[in-house]
Amino acid sequence: MQKFPNGAKLPVKTISDLTDPLPILGKVTSHDVAKVAGVSQATVSRVLRNDPKVSQATRERVEQALAQLRYEPHAMARAFRAKRAGAIGVVVARLAYPLYATMLEAIGAKLSSLGHRMMVWDAEYGGDLPASKALRQGLVDGVILLAVTASSDFLQDTSSSSAPVVLLNRTMDDYPSDQVGSDNLEGGRMVAQYLMGHGRKNLALIGGLERATPIRDREMGFRQALEQAGHALSQDHYRRSDSFTYDSGRDGARDLLKIYPTLDAIFCVNDMLALGAIDGIRSLGLRVPQDVWVVGYDDIELSGWDAYGLTTVRQPIQAMVDEAVNLLLAKIANPGKPLVRLKFGNELVVRSSSDGKSLRVTYRTIF
């Protein structure tokens, strides 16, 4: 006999008590669990559904049997009954860039904590169409878009406001979906104001493709702040990177400083460009920050390494991911709910690539 915390006593079977052969691991059914627990299959189902009508003693007995047999509910069967796939799709790009890998990891952890699986497609390798097809066919319940442009095939296929889609770290004014991002326009302004406020006069910008809305907004905010202060950015002081890579940042900084050696600050629209720019400056025999200040964007892990000490703009990644997942699950449950667009504030993290001081947060925008 086994005693349970509430004092109830029920006869207990163990695996060794069974006369029937054990099921093969991975093929355990609720019927097998019921035999070990000495209850009906319907009772096992109620325990799996967390039915409050099941007594504590019976629940513990079934849970013991579940653990003993290492039972796992059949995901496809549960999905069929619930009319849900139990999976969320994520479309991402440039996984070599640490920010996106960090965001993907955060999304996976959040979904897992809520009992959902994650399927990932890479937009750079034709992931748009498979993702929209999976959504239409019910292989995923919804999709989070980390990578999307106005010409995306996915957007053409999922243009209904009831589609369970959330844009994360992207904005599309004409696309009817929930959207979560940070204020990249204000982030760019913040960088310009910081540099000008600390006496930087000859500024340069290493930017990127305008079809990437966060990059577009960062550049726009930076330029607007300079113009408003009467220091419009010279087109000669601009280099565009199509790849957003370390090599591109290094080459861009070297090119700028060879032609314009009096530059005293460079803003790069992401951190990999900025890390490359720092090494490009050093390769010319110049010092960071004594000769040239460098500011990046995203605060990837490498930015805090002693070798770089990069001043950069930090986005609230975890908060953005949490909101995106919550909005998507709410949309799946209620396709007719009003659309929501959230924009988080950012913070400027000052390190040794600009003022030679240790880590400290200097500016923050809050919404």
Side-chain angles (χ1 to χ4, degrees), residues 79 84-112 114 116-182 184 208-217 242-244 270 272 298 300 315 317-332 335 339-344:
R84 292 280 188 270
I88 299 298
V90 181
V91 178
V92 68
R94 300 184 185 278
L95 277 171
Y97 184 53
L99 175 72
Y100 298 127
T102 297
M103 296 186 80
L104 193 62
E105 182 179 12
I107 293 169
K110 176 71 173 179
L111 290 174
S112 178
L114 297 173
H116 298 273
R117 293 172 290 117
M118 179 172 68
M119 298 179 65
V120 180
W121 290 275
D122 191 329
E124 292 192 317
Y125 297 95
D128 278 11
L129 288 177
S132 62
K133 184 177 180 180
L135 185 60
R136 290 197 309 271
Q137 294 180 348
L139 299 177
V140 295
D141 297 321
V143 173
I144 297 174
L145 293 176
L146 274 173
V148 67
T149 65
S151 61
S152 167
D153 292 325
F154 186 97
L155 298 187
Q156 307 303 318
D157 288 350
T158 58
S159 58
S160 169
S161 62
S162 63
V165 177
V166 171
L167 269 61
L168 174 58
N169 197 39
R170 289 288 187 275
T171 57
M172 296 296 243
D173 293 339
D174 297 330
Y175 183 62
S177 75
D178 292 324
Q179 301 183 19
V180 179
S182 70
N184 290 287
L209 299 174
E210 288 190 358
R211 67 170 181 265
T213 53
I215 301 303
R216 178 201 66 196
D217 289 348
D242 293 343
S243 60
F244 302 105
N270 81 7
M272 289 306 294
D298 288 331
I300 63 175
Q315 302 182 77
I317 298 301
Q318 189 62 57
M320 291 164 60
V321 166
D322 289 346
E323 287 292 348
V325 171
N326 291 338
L327 285 172
L328 182 59
L329 297 182
K331 190 71 171 181
I332 292 168
L339 298 179
V340 175
R341 297 192 175 182
L342 299 176
K343 186 181 291 185
F344 285 83

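Note that this is a predicted model, so its numbers are computed, not measured.
- In this view, Asn270 satisfies the side-chain hydrogen bond (donor to acceptor under 3.5 Å, both in side chains) rule with no residue, not counting sequence neighbours.
- The shortest side-chain heavy-atom distance between Leu342 and Leu327 falls under the 4.5 Å cut-off.
- Side-chain N or O atoms of Asp178 include one that pairs as donor or acceptor with a backbone N or O of Val340 at under 3.5 Å.
- Listed by chain and residue number, nothing satisfies the side-chain hydrogen bond (donor to acceptor under 3.5 Å, both in side chains) test with Ser112 (two or more places apart in sequence, or in another chain).
- Gln179 pairs by the side-chain hydrogen bond (donor to acceptor under 3.5 Å, both in side chains) definition with nothing, not counting sequence neighbours.
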Practice prompt. With side-chain contact (heavy atoms from CB on, under 4.5 Å) as the test, would you mind laying out the steps for Lys343 and Ser182 before giving the verdict?
Written response: CA-CA 5 Å; Lys343 186 181 291 185; Ser182 70; 5.7 Å; no
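- Here the shortest heavy-atom pairing between Pro164 and Leu328 reads O-CD1, 3.2 Å.
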Worksheet item: Could you walk me through whether Met172 and Leu167 pass the side-chain contact (heavy atoms from CB on, under 4.5 Å) check?
Response: CA-CA 8 Å; Met172 296 296 243; Leu167 269 61; 3.5 Å; yes
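- Contact annotation: the side chain of Leu168 never approaches that of Leu145 to less than 4.5 Å [non-hydrogen atoms, C-beta and beyond].
- Taking all atoms of both residues into account, the shortest heavy-atom contact from Arg94 to Ser243 is NH1-O, 3.3 Å.
- At distances below 3.5 Å, at least one donor-acceptor pair connects side-chain atoms of Asp141 with backbone N or O atoms of Gly86.
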Worksheet entry | Residue pair Val120, Val92: steps toward the side-chain contact (heavy atoms from CB on, under 4.5 Å) verdict | CA-CA 7 Å; Val120 180; Val92 68; 3.9 Å; yes
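- With sequence neighbours excluded, the residues forming a side-chain contact (heavy atoms from CB on, under 4.5 Å) with Ser162 are Ser160, Pro335, listed by chain and number.
- Partners of Ala123 by side-chain contact (heavy atoms from CB on, under 4.5 Å), not counting sequence neighbours, listed by chain and number: Val91, Ala93, Asp128, Ala147.
- A heavy-atom distance below 4.5 Å is not found between the side chains of Phe244 and Met272.
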Practice prompt. Using the side-chain contact (heavy atoms from CB on, under 4.5 Å) rule, take Asp298 and Gln315 through it: C-alpha gap first, then chi angles, then the decisive distance, then the call.
Written response: CA-CA 6 Å; Asp298 288 331; Gln315 302 182 77; 2.9 Å; yes
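- Asp242 pairs by the salt bridge (Lys or Arg N to Asp or Glu O under 4.0 Å) definition with Arg240, not counting sequence neighbours.
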Anything under 3.5 Å between a donor and an acceptor, one on a side chain of residues 99-110, the other on a protein residue two or more places apart or in another chain? List them.
from	atom 1	to	atom 2	distance (Å)
Thr102	OG1	Pro98	O	3.0

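- Sorted by first and then second residue, the side chain to side chain donor-acceptor pair (under 3.5 Å) pairs with a member in residues 317-332 read Gln318-Asp322; sequence neighbours excluded.
- Taking Ala319 as the reference, Pro316, Phe344 meet the side-chain contact (heavy atoms from CB on, under 4.5 Å) condition, with sequence neighbours excluded.
- Heavy-atom minimum distance, Val90 versus Leu146: CG1-CD1, 4.1 Å.
- Summarising the geometry, atom CE belonging to Met119 is positioned 11.0 Å from atom CD1 belonging to Ile88; distances are rounded to the nearest 0.5 Å.
- When all heavy atoms of Pro130 and Trp121 are compared, the closest pair comes out as CB-NE1, 3.5 Å.
- When the salt bridge (Lys or Arg N to Asp or Glu O under 4.0 Å) test is applied to Arg136, the partners found at least two apart in sequence or on another chain are Asp157.
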